[in-house]
Amino acid sequence: MSEVRVRFPPSPTGYLHIGGARTAIYNWLFAKKHNGKLVLRIEDTDAERSTQESIDGILDGLRWLGITWDEGPYFQTEFAADHAAAAQRLLDTGHAYKCFCAKEELDAKRDTAMDAKQDYKYDKTCRNLSAQEIEAREAAGLPFVIRFKVPEEDGAVVFEDQVYGRIERNYADIEDFVIVRSNGKPLYLLCNVVDDIRDRITHIIRGQDGLANTPRQILIYRALGAQLPIFAHMPLTLDLQKRKISKRSHGEIVAVQYYRKIGFLPWGLINFLVLLGWSSGDDREIFSQEELIAAFSLEGINRSNSIFNYKKDDPKFITDPKALNINGHYLHTMPVEEMATLTQPFLAEAGLWDAAYEGSRRDWFLNTLTLIRDRYYTLADFTTLGRAYFADDFEVEERAVEKNLAKNPLLAEWLPLLADRLAALPDYNRETVETAARTLAEELTIKPGILINGARTVVTGCLAGPGMFEVLETLGKDRVVKRLKGSSRFFA
RNA sequence: GGCCCCAUCGUCUAGUGGCCUAGGACACUGGCCUCUCACGCCGGUAACAGGGGUUCGAGUCCCCUUGGGGUCACCA
């Protein structure tokens, strides 16, 4: 078989949303797997919606994800001549005909039928117009659309979908559909096929919502004498109400951009998205790029739609918990240098970046990231949960105050005492700090935990965190002493 | 409404007639560890939509019902 060529043809109606991203990912993986090519084609036929901004949004989203394409982006509007020529050819070869029926009339008929819960199909009034009748109408300046001539004999369009198996659709159930508008502009159904033929697409991997279009497109392929590509329809991603997700009705939670903003790693998102409707067949869920390309196959795509289980208004999750979990996995295991690079923009954005993190404080910076990342799930967590490591003006969790400070009012005295002990340390490191803290606790005849957790709250603002002595070491003597001394403000 | 498609734990899924008293992951939850914890480790709750067949045997095959989705534009 010849080279595998797949395409991702977004129409720029908004941002790249996760459903579109998933389609792109599947196509990209398939191309990579078979050493094929991925063609990016922008379906910008609808001029009103195709703003430069939304085109950029899509390219931007793909680039961020690391979805690379081999050809394009092509723009559908640049191939208008191809589309027109194909329409003319269908007309010339008798596969299509001009229809002079008034749109208003047809619309009315359809509405009536739908209201009466009846099926409606174009009645083919113009299909059998004689040459003279056509001439007369054209001479009269009547506008016309071009309709495709669906075979009238018994039979069906049959094709083998790689995911859904054998799909059959009777000719009788397909109406003579419009392929060119009365203003001469070809419709998507035609354009899409013409473009795919020209781009020599061998496999069409797209959402299941394209499944119903496929029989009509196959008819066009045949009429144009082109070789059929292989079709593979993938299940859709639905929202909690089982509706198709869309930027319009779900907002930024379904936009790829949003995940960049909240600190997802591109690969974390990809790994999550690929699992929505596909599985390797074994129990693996975490894949490196190489592993995923090796494991991916059309056979692994399942047939039922999946639900994007995002937790709206839940501060603990922000989005689908599994997405966060997978992202967290990569955050915890990736090389820290790499993560540092990704973290920098987030710190900078929050005003927490220090140029020294790239120079004299590089080691400290990397060590700190390594220390705190285990409990974080997104890059943004470094600027929120981890703020105390990079700045002095951090928030203190109320629950931490309640649990670790309020219960022991005497900490108002003990903490500054601990500060003095630490300040007096000639050699300040996790061992000496630990000894000092435990010794003080012993002298005060209190459990070390009381002192330690009190210190944790005052020094990091958080209830949870890494081992306290490592934290105290990484924060450094000056900061720790200052924060402990200032702890009285929590006891006012 | 016509046509097409789908149906396993809350969610993502494994399962292609016996290996399923249904496996994994996330979430939830119990315990352990510990100075704390949204780290880690160990354990638990939780699903084959319903009904008929076929078969020695059905989550797996067939039919019906129910439920869900898609699509039916001079949108893409």
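Order of the sequence lines fixes the chain letters, A, B, ..., with proteins taken first and strands second; residue numbering starts at 1 for each chain. This one's a predicted model, so the numbers in the text were calculated from it and none came from an experiment.
Across the strands present, B:rU55 finds no partner; the criterion is a Watson-Crick or G-U wobble pair with both atom distances under 3.5 angstrom. Pair assignment for B:rA73: none, as no Watson-Crick or G-U wobble contacts are both less than 3.5 Å. Nucleotide B:rU60 is matched to nothing when pairs are restricted to Watson-Crick or G-U wobble geometry with both distances under 3.5 angstrom. Base pairing annotation: B:rA25 forms a Watson-Crick or G-U wobble pair with B:rU11, both donor-acceptor distances under 3.5 Å.
Taking atom P in both B:rA49 and B:rU60, the straight-line distance is 8 Å, to the nearest Å. Rounded to whole Å, the P atom of B:rA14 lies 15 Å from the corresponding atom of B:rA25. Rounded to the nearest Å, the gap between the P atom of B:rU29 and that of B:rA38 is 10 Å. Nucleotides B:rC62 and B:rG68 place their P atoms 23 Å apart, quoted to the nearest Å. The separation of B:rU34 from B:rG40, taken at their C1' atoms, amounts to 11 Å, rounded to a whole angstrom. The P atoms of B:rU21 and B:rU55 are separated by 22 Å, rounded to the nearest whole Å. Taking the C1' atoms as reference points, B:rG70 lies 30 Å from B:rA58, given to the whole Å. Distance check on atom P: B:rG59 versus B:rU13 gives 22 Å, rounded to whole Å.
Cation-pi contact between A:R198 and A:F79: present, with separation from the ring centre below 6.0 Å and deviation from the ring axis of at most 45°. Cation-pi contact between A:R169 and A:Y171: absent, since separation from the ring centre below 6.0 Å together with deviation from the ring axis within 45° is not met.
Checking B:rA27, B:rG24, B:rC6 against every side-chain atom of A:R303, the shortest atom distance belongs to B:rC6. The side chain of A:I307 lies closest to B:rC12, out of B:rC12, B:rA14, B:rA27. Proximity note for A:K322 (side chain, C-beta onward) versus B:rU11, B:rA25, B:rC6: the nearest is B:rA25.
The backbone N or O of A:N192 lies less than 3.5 Å from no partner atom in the side chain of A:H83, so there is not a single donor-acceptor pair. Not one N or O on the side chain of A:W267 forms a donor-acceptor pair closer than 3.5 Å with the backbone of A:N327.
The residue from A:R216, A:R147, A:R127 that alone fulfils the salt bridge (Lys or Arg N to Asp or Glu O under 4.0 Å) condition with A:D176 is A:R127.
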Pairs of donor and acceptor atoms involving the side chains of residues 397-411 of chain A, under 3.5 Å and at least two apart or interchain, shall be tabulated with distances.
| residue | atom | partner | partner atom | Å |
| --- | --- | --- | --- | --- |
| A:N404 | ND2 | A:T457 | OG1 | 3.1 |

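A:N271 has its CG atom 15 Å from the P atom of B:rA25, to the nearest Å. In this entry the distance linking NZ of A:K109 with P of B:rG2 reads 22 Å, nearest Å. Rounded to whole Å, atom C1' of B:rC4 lies 15 Å from atom CZ of A:F231. Put simply, CG on A:N302 is 15 Å from C1' on B:rG24, counting in whole angstrom units. The OH-C1' distance, from A:Y310 to B:rC26, rounds to 18 Å in whole Å. Taking atom CG on A:N309 and atom C1' on B:rU11, their separation rounds to 4 Å, with Å as the unit. Here the P atom of nucleotide B:rU11 and the CD1 atom of A:I318 are 22 Å apart, to the nearest Å. One atom, CG of A:D320, and another, C1' of B:rG10, lie 12 Å apart when rounded to the nearest Å.
When the nearest nucleotides of RNA chain B are assigned to A:I167 and A:K121 by heavy-atom distance, the more 5′-ward of the two goes with A:K121.
Note that the CG atom of A:L40 and the CD1 atom of A:I58 stand 8.5 Å from one another [nearest 0.5 Å].
For A:F287 and A:W278, the ring centers sit closer than 6.0 Å to each other. For A:F382 and A:F346, the ring centers are positioned 6.0 Å apart or more.
At a threshold of 4.0 angstrom between heavy atoms, the contacts of A:F308 with the nucleic acid are absent. Contacts of A:I326 with the nucleic acid, taken as non-hydrogen atoms under 4.0 Å apart, are absent. Residue contacts for A:G277: at a heavy-atom cut-off of 4.0 Å it reaches the sugar-phosphate backbone alone, with no base atom in range.
Using cut-offs of 30° and 60° on the angle between ring planes, the pair A:F264 and A:Y259 is perpendicular. Ring planes of A:Y310 and A:F308: tilted class, angle from 30 to 60°.
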Summarise how protein sits on nucleotides 65-76 of chain B as a single string, 5' to 3': B when a protein heavy atom is under 4.0 Å from the base, S for sugar-phosphate-only contact, - for no contact. ---SSSS-SBBB

Heavy-atom contacts, protein to nucleotides 32-39 of chain B, under 4.0 Å, summarised as B (base), S (sugar-phosphate only) or - (none) per nt, yield ---BBBSB

